[in-house]
Amino acid sequence: MVNLLALIVSSTLVYSAPLIFTAIGGVFSERSGIVNVGLEGIMVMGAFSSVVFNLFYAETFGSWTPWLGLLVGALAGVIIAAVHALATVNLRADHIISGTVVNLAAPALAVFLTRVLFEQRGQTDIIRESFGYFNFPVLSDIPVIGDIFFQSTSLPAYVGIVVAFICWFFLARTRFGLRIRAVGENPQAADTMGINVYAMKYAGVLLSGVFGGIGGAVLSQSISLNFSVSTIAGQGFMAMAAMIFGKWNPVGAMLAAIFFGFAQSLSVVGSQIPFIESIDPVYLQIAPYIITIIVLVSFVGKASGPAANGKTYIKSK
Amino acid sequence: MKSNIRQIMVPLLSIVIGLVFGAIIMLVFGYNPIEGYKALLTGALGNPFNIGQTIRAATPLIFTGLGFAVAYTAGFFNIGLAGQALAGWLVSVWIGISLPDSPGWLVLPLAILGGTIAGALWAGIAGVLKAFFDTSEVIVTIMLNYVAIYISDHIIRNVITDRADATPFVGENASLRLQWLTDLTNGSTIHGGIFLALIFAVLVSILLQRTTVGFELRSVGFNKHAANYAGMNAKRNIILAMLLSGGLAGLGGVMNGLGEFRNVFLTNGVAPAIGFDGLAVALLGGLNPIGIIFASLLFGGLKTGGTIMPLMAGVPSEIVDIATAAIIFFVGANYVITYFMDRREKSKLSNTEVIVQGGDD
């Protein structure tokens, strides 16, 4: 029983980790008033760049490689998010169209670069330094609880949980966080108070690039272990749903992401769980997506996002 | 008049800028853009066979593009065209191979209709959820794309066949191929669906611009609350828009099923490309059915030519997708194009003023 629970918890955390980071990214973007359906594309860039970094520098950095890969993924995420920021903030593009452009461009660009780097092949080799499983010192020795939560588990997920609380504090309690939220709620009023609306919106979108890129990098370096066009299969949109489910709050988004991670992990470990093993795999495969829809149907009506979300702000002269 | 010119100039300039962007990327990575684009052009239009392939590639895009436009007119972003197309593709082929001995006049319309209904119902789910629960159609349709992928793969492997990767081919009685078209293009995979596509472009144009139904859809798109206040049933219109949109996307899938491939195979986790390409052609075509036809032909050419690029010029075909994304970026961010057009207009005006003043002296 303990083994079974440990298996479920650890696989849930492995699949949650990318969603946690990306959903937090979505919170930053939407809190500043920019809808970001481009999270999927941002994750693609993060996944791609970190795998490439990992393949080329694994010998230099050893077991630190995946962690440094997160930084590389964050950087790639920021670059592609900057395109979205430019289009929505300066060029007054429809947020969903611009986000869709990001989703169209990112996989094309990533596979193109993969072919350039790896002799025309459409997918990379398997990385050698992945996140693998982590045992917490001391904590893992606690009977039962240690076995379930702190042995052979996903360290990035725990980092994500801590980051979610930090980001909550940042958004709720700091001057900068307040300004980002003000811009998403009422840009005119924020502008009147002397807040640089465009700069805050850029900050929100670029932060979504940082976290979305990290999310992609976590996924590719702990789950897929290589990069191909199907490495990111809807996780960006699932993170968006988690953000909505979490009511645009980093901690809420993190909890929702863990829930979605659980749904995703079922299709992978389901065959080892009694009762669930008898279910046809196709139901487990579609479960995370169906659950996302059900969650949206049952909760969205009651939660509403930032007031000026998705609207272009044009500063009057 | 001015807005008419702008309507054409924005997509044209976007295409030019997008292609230049593609050329720059090729240059940066050490490919020869002239060779690359020469290969693209030859691959798209170089001989009758390639022209046939280009038209064939454009055919489903006209349908998915129209599907996107109908939903967008009513204010919805149907990003799930791919899943709806896959539903139409699967069902049309399924009907086709289930009735191998029935006459063509029965099977072909039945298969086409079945595919259309499948696409419509798949999109209808998102429509109903939007109408009654105000659930974001963007996320729901995307999620349904993945559901469609897994269900389709499951049905192909476990229901239609016994663990095979593809279904058998449909017979002559359920094929859209026309022998004279095939002969005319030296055996390309062009099929009669192009005529259906052109007919539907006209029908959608009439529906949106000349009928009460179209007027209501547009009203809901402009202002849902005003439309409601004017006595239009917003809920019904939301669902209707998604059903029409999905039906058109389903027809796009039927083109793949009964025209191009004549079977359906495992997706490997990737939804049919005609979904997102349909979205792109609709935006490029300014959501106008005539514009969508031209944009589809352009994209059909880019797709077909793109497959030749690696062979002829050694350039990865993804360069076409990158250029495509750049084109749509500038269509979406058309503010930058119209801004410069306005500036030129203004500077012309101020010049003439100066001249007039000079004449008075």
Side-chain angles (χ1 to χ4, degrees), chain A residues 35 37 40-41 83 86-88 90-116 120 122 228-230 233-234 236-238 240-241 244 267 280-293 296-301 312, chain B residues 25 29-31 77 79 125-126 129 132-136 138-151 153-155 157-158 267-271 276-277 279-280 283 310 314-339:
Chain A
V35 173
V37 286
E40 177 91 358
V83 176
L86 176 74
T88 51
N90 301 109
L91 305 181
R92 304 179 189 178
D94 182 292
H95 295 191
I96 298 181
I97 292 178
S98 169
T100 305
V101 167
V102 169
N103 292 340
L104 289 173
L109 192 62
V111 175
F112 174 82
L113 293 174
T114 306
R115 289 194 199 282
V116 170
Q120 299 286 332
S228 73
V229 73
S230 56
F237 293 99
M238 236 178 250
M240 247 190 111
I244 296 172
S267 70
D280 196 313
V282 71
Y283 294 110
L284 295 177
Q285 282 169 336
I286 64 173
Y289 306 104
I290 300 281
I291 289 171
T292 305
I293 293 174
L296 282 177
V297 168
S298 27
F299 291 91
V300 162
T312 299
Chain B
I25 297 274
F29 290 98
Y31 301 108
F77 208 90
I79 206 163
I125 299 172
L129 295 181
F132 290 100
F133 302 99
D134 201 23
T135 314
S136 160
V138 174
I139 297 179
V140 171
T141 51
I142 276 281
M143 291 298 136
L144 288 176
N145 276 352
Y146 294 101
V147 176
I149 287 171
Y150 287 116
I151 292 184
D153 283 2
H154 174 75
I155 290 177
R157 284 184 74 83
N158 299 314
T267 57
N268 290 321
V270 183
F276 280 101
D277 289 337
L279 181 158
L283 293 174
V315 182
S317 61
E318 281 79 16
I319 195 74
V320 168
D321 299 321
I322 296 172
T324 303
I327 291 172
I328 303 308
F329 175 85
F330 284 101
V331 171
N334 60 53
Y335 171 69
V336 65
I337 293 175
T338 47
Y339 176 76

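By convention in this document, chain letters (A, B, ...) are assigned in the order of the sequence lines, proteins followed by strands, and residues within each chain are numbered from 1. These values consider heavy atoms only, across backbone and side chains, with no hydrogens, waters or symmetry-generated copies. Since we're looking at a predicted model, the values are computed, not measured.
- Only the side chain of Ile79(B) has a heavy atom closer than 4.5 Å to any heavy atom of chain A.
- Ranked by heavy-atom pairs shorter than 4.5 Å toward chain B, the options Ser230(A), Ala87(A), Ala233(A) are led by Ala233(A).
- For Gln120(A), the part lying under 4.5 angstrom from a heavy atom of chain B is the side chain only.
- Of the two parts of Val229(A), only the side chain, counted from C-beta on, holds a non-hydrogen atom closer than 4.5 Å to a non-hydrogen atom of chain B.
- If you measure heavy-atom distances from Ile125(B) to chain A, you find no contacts under 4.5 Å at all.
- Across Val140(B), Asn158(B), Ile142(B), the residue that shares the most heavy-atom pairs under 4.5 angstrom with chain A is Ile142(B).
- For the atom pair CD1 (Ile328(B)) and OG1 (Thr100(A)), the distance works out to 10.0 Å, reported to the nearest 0.5 Å.
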Apply side-chain contact (heavy atoms from CB on, under 4.5 Å) to the pair Asp280(A) and His154(B), showing each step before the final yes or no. CA-CA 10 Å; Asp280(A) 196 313; His154(B) 174 75; 3.5 Å; yes
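- Note that CZ of Phe329(B) and CG of Leu86(A) are 5.0 Å apart. Values are rounded to the nearest 0.5 Å.
- Side chains of Phe29(B) and Leu113(A) form a contact here, defined as non-hydrogen atoms less than 4.5 Å apart.
- Counting heavy-atom pairs under 4.5 Å between each of Leu104(A), Val116(A), Val282(A) and chain B puts Val282(A) at the top.
- Atoms CE and OG1, from Met143(B) and Thr292(A) in turn, are 4.5 Å apart once rounded to the nearest 0.5 Å.
- Checked against the 6.0 Å centroid threshold, Tyr146(B) and Phe237(A) do not count as a close aromatic pair.
- Residues Phe112(A) and Ile25(B) have side chains in contact (heavy-atom distance under 4.5 Å, counting atoms from C-beta outward).
- In this structure, the portion of Tyr31(B) lying under 4.5 Å from any heavy atom of chain A is its side chain and not its backbone.
- Contact of the Ile293(A) side chain with the Leu144(B) side chain is registered, since non-hydrogen atoms from C-beta on lie closer than 4.5 Å.
- For Tyr283(A), the OH atom counts as loosely surrounded, since its 6.0 Å shell holds 12 or fewer non-hydrogen atoms of other residues, nucleotides or ligands.
- Taking non-hydrogen atoms and a 4.5 Å limit, the residue list of residues 318-325 of chain B in contact with chain A, ordered by number, reads Glu318(B), Ile319(B), Asp321(B), Ile322(B), Ala325(B).
- Contacts of Val270(B) with chain A are made by side-chain atoms alone, with heavy-atom separations under 4.5 Å and no backbone atom involved.
- Of the atoms belonging to Asn103(A), not a single heavy atom falls under 4.5 Å from chain B.
- Minimum heavy-atom separation, Val297(A) to Phe133(B): CG1-CG, 3.6 Å.
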Would you sort out whether Asn145(B) and Tyr289(A) count as a side-chain contact (heavy atoms from CB on, under 4.5 Å), showing the intermediate values? CA-CA 9 Å; Asn145(B) 276 352; Tyr289(A) 306 104; over 6 Å; no
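- Between the CG atom in Asp134(B) and the CG atom in Leu296(A) there is a gap of 11.0 Å [rounded to 0.5 Å].
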